[in-house]
Amino acid sequence: MPKERVLSGMRPTGKLHLGHYHGVLANWLKLQDTYDCFFFVADWHALTTDYADTHAVNDNVREMVLDWLSVGIDPEKAVIFLQSSIKEHAELFVLLSMITPLSWLERNPTYKEQMAELREKDVHTFGFLGYPVLQTADIIMYKANRVPVGIDQAPHLELSREITRRFNHFYGEVFPEPKTLLTEVPKALGTDGRKMSKSYNNAIFLSDAPEVVTQKLLQMVTDTARMKRTDVGNPDVCPVFITFHVIYSDEATKAWVRQGCQSASIGCIECKKSVIQKVIEALEPIRQRRLELEKQPEIAAQALAKGAESARVAARATMAEVKKAMKLSAI
Ligand code: TRP
Ligand code: SF4
């Protein structure tokens with residue numbers, strides 16, 4: 001049995017944080033051992049919202065790839081590449097855009113939400129509306145069977161399946177319908193208690209040095225009902241517990257926290273200190289590898305070049321089939 005093919009992409013947002021690690025990368029690490037994986041940097045997708053100011057794109061790509069490699073995404077196991085280096089994605093995007101009804105894109109819930117959310121940016125563009133069409137091209141280009149996504153991205157994938165069916169209906173069965181590989185995304189809260197996000201300035205980055213991690217965690221908000229040391233608290237609503245103890249502490253420590261917090265026999269500082277060391281120990285090897293990789297930028301560049309070579313072979317083969325099916329091959 002050939003391995004099932006998995007494909008996933010990330011928009012280059014720069015340095016990755018613990019939310020990315022537990023929500024996406026930890027999963028990719030497992031997948032690369034069992035599936036035929038393609039992981040790519042969706043730099044064109046980054047332009048759908050950040051088209052006006054592109055000065056950071058290159059740096060963001062580099063930082064993100066350094067993080068991928070530092071956590072152990074392995075170019076020997078998975079094909080990793082940059083979307084814009086495979087021009088076939090643009091070609092397939094054009095063809096898919098011809099058959100995608102506008103109404104499908106307009107009713108996409110993610111589109112509507114983002115339109116409302118990104119109020120400071122003007123996203124009334126053709127590219128932004130077409131985001132899921134480009135994403136579909138990314139996926140079916142490699143005939144991926146499985147796309148690991150969190151529940152929030154599920155509507156996009158449903159749309160990809162619909163576009164794929166429509167293509168196959170018009171031109172013949174060229175593409176398998178991509179299925180979701182639903183990933184459980186543990187809740188990662190930032191130092192202010194909101195969702196961990198670079199734009200909220202509340203993130204702990206994979207590349208943060210031990211003293212930075214310590215500082216950030218010591219300043220992190222706790223159960224807001226626990227104002228004074230003598231107040232009892234509830235770990236189940238405390239961002240420190242939800243995001244850090246749940247992932248990094250052993251059962252005995254968690255029981256100690258629960259008991260101590262609910263009876264006010266321990267203070268928040270003491271509680272935080274019991275997990276800070278664990279977080280640092282988990283991050284240190286990643287950070288050390290990253291420091292090495294930063295000194296040899298050619299390693300990351302070569303990984304992307306090697307990945308692009310494999311991706312290009314697959315993409316060309318698919319486009320030859322597509323053109324044949326659509327009767328677009330030259331005389
Ligand atoms: N939409 C994804 C994100 O926001 C990026 C992406 C682009 C993607 N194309 C994809 C993910 C194809 C999975 C499959 O990060
Ligand atoms: Fe949170 Fe720990 Fe303070 Fe309880 S003691 S509120 S779990 S930091």
Side-chain angles (χ1 to χ4, degrees), residues 6-33 37-47 49-50 53-86 89 138 148 183 185 188 190-191 196-216 247-248 279-312:
V6 161
L7 175 134
S8 196
M10 266 169 104
R11 273 173 296 173
T13 48
K15 288 184 175 182
L16 300 179
H17 53 63
L18 283 174
H20 296 117
Y21 183 79
H22 296 292
V24 183
L25 293 175
N27 188 42
W28 285 13
L29 289 172
K30 279 190 241 147
L31 293 172
Q32 72 176 357
D33 287 325
C37 288
F38 280 62
F39 299 131
F40 74 100
V41 183
D43 56 342
W44 281 339
H45 276 105
L47 300 179
T49 49
D50 294 308
D53 180 5
T54 58
H55 81 274
V57 180
N58 270 339
D59 284 348
N60 286 348
V61 169
R62 199 190 53 251
E63 299 283 7
M64 192 166 84
V65 173
L66 285 175
D67 280 330
W68 287 8
L69 298 177
S70 306
V71 300
I73 299 297
D74 182 352
E76 298 295 325
K77 294 181 184 169
V79 175
I80 68 167
F81 66 99
L82 183 64
Q83 183 186 35
S84 64
S85 63
I86 311 293
H89 288 232
D138 300 335
T183 328
V185 181
T191 49
M196 192 180 287
S197 163
K198 190 175 181 179
S199 51
Y200 290 159
N201 223 339
N202 65 1
I204 298 194
F205 294 98
L206 296 177
S207 45
D208 279 346
E211 54 285 9
V212 177
V213 174
T214 304
Q215 255 248 325
K216 285 182 176 175
I247 293 175
Y248 295 98
V279 178
I280 291 174
E281 277 166 26
L283 288 183
E284 240 349 66
I286 299 175
R287 198 174 74 92
Q288 292 303 335
R289 269 198 299 273
R290 201 182 199 282
L291 289 172
E292 287 307 309
L293 289 166
E294 281 168 11
K295 279 188 233 148
Q296 299 157 271
E298 67 283 0
I299 294 184
Q302 275 163 12
L304 285 181
K306 173 175 142 80
E309 239 173 81
S310 313
R312 199 169 291 121

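In this text, all values refer to a predicted model and were calculated from it rather than measured experimentally.
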With the side chain counted from C-beta on, respond yes when [X] and [Y] share a heavy-atom pair under 4.5 Å apart, and no when they do not.
X    : Y    : answer
I73  : L29  : yes
L293 : S70  : yes
V213 : K216 : no
M196 : H22  : no
M10  : V41  : no
S8   : W28  : yes
P148 : L31  : yes
I204 : H17  : no

Lys/Arg-Asp/Glu bridge criterion (N-O < 4.0 Å) met for E284, R287: yes
Ion pair R289/E294, N-O distance below 4.0 Å: no
Step-by-step side chain to side chain contact (heavy atoms under 4.5 Å, CB included) determination, L304 to V65: CA-CA 9 Å; L304 285 181; V65 173; 4.2 Å; yes
So, the side chain of [X] versus the backbone of [Y]: is there a donor-acceptor pair under 3.5 Å, distance only?
X    : Y    : result
T183 : V185 : no
R312 : S85  : yes
Q32  : G72  : yes
D53  : H55  : yes

Stepwise side chain to side chain donor-acceptor pair (under 3.5 Å) check, D138 with Q83: CA-CA 8 Å; D138 300 335; Q83 183 186 35; 3.0 Å; yes
Within 6.0 angstrom of E281 CD, more than 12 heavy atoms from elsewhere: yes
Inter-residue atom distance [X].[atom1] - [Y].[atom2], 0.5 Å rounding:
X    : Y    : atom1 : atom2 : answer
F38  : S310 : CZ    : OG    : 6.5 Å
L82  : R62  : CG    : CZ    : 13.0 Å
L7   : C37  : CG    : SG    : 9.0 Å
Q296 : I299 : CD    : CD1   : 4.0 Å
L291 : I286 : CG    : CD1   : 12.0 Å

Taking all non-hydrogen atoms of both residues, which atom of [X] and which atom of [Y] are closest, and how far apart?
X    : Y    : value
I86  : A311 : CD1-CB, 3.9 Å
K306 : P75  : CE-O, 3.4 Å
A300 : L66  : CB-CD2, 4.2 Å
A308 : F81  : N-CB, 3.8 Å
I280 : P210 : CD1-O, 3.6 Å

Mutual orientation of the aromatic rings belonging to W44 and H89 [parallel < 30°, tilted 30-60°, perpendicular > 60°]: perpendicular
Parallel, tilted or perpendicular: rings of F39 and W68 (30°, 60°): perpendicular
Distance-only polar pair, side chains of D43 and S84, donor-acceptor under 3.5 Å: yes
Polar contact flag, side-chain donor to acceptor under 3.5 angstrom, Q288-E292: no
is_close_aromatic(F205, H20), centroid dist under 6.0 Å: no
Verdict with supporting geometry, I80 and F40, side chain to side chain contact (heavy atoms under 4.5 Å, CB included): CA-CA 5 Å; I80 68 167; F40 74 100; over 6 Å; no
Criterion side chain to side chain contact (heavy atoms under 4.5 Å, CB included) on L69 and D74, from CA distance to verdict: CA-CA 7 Å; L69 298 177; D74 182 352; over 6 Å; no
Derivation and outcome, side chain to side chain contact (heavy atoms under 4.5 Å, CB included), residues K15 and L206: CA-CA 8 Å; K15 288 184 175 182; L206 296 177; over 6 Å; no
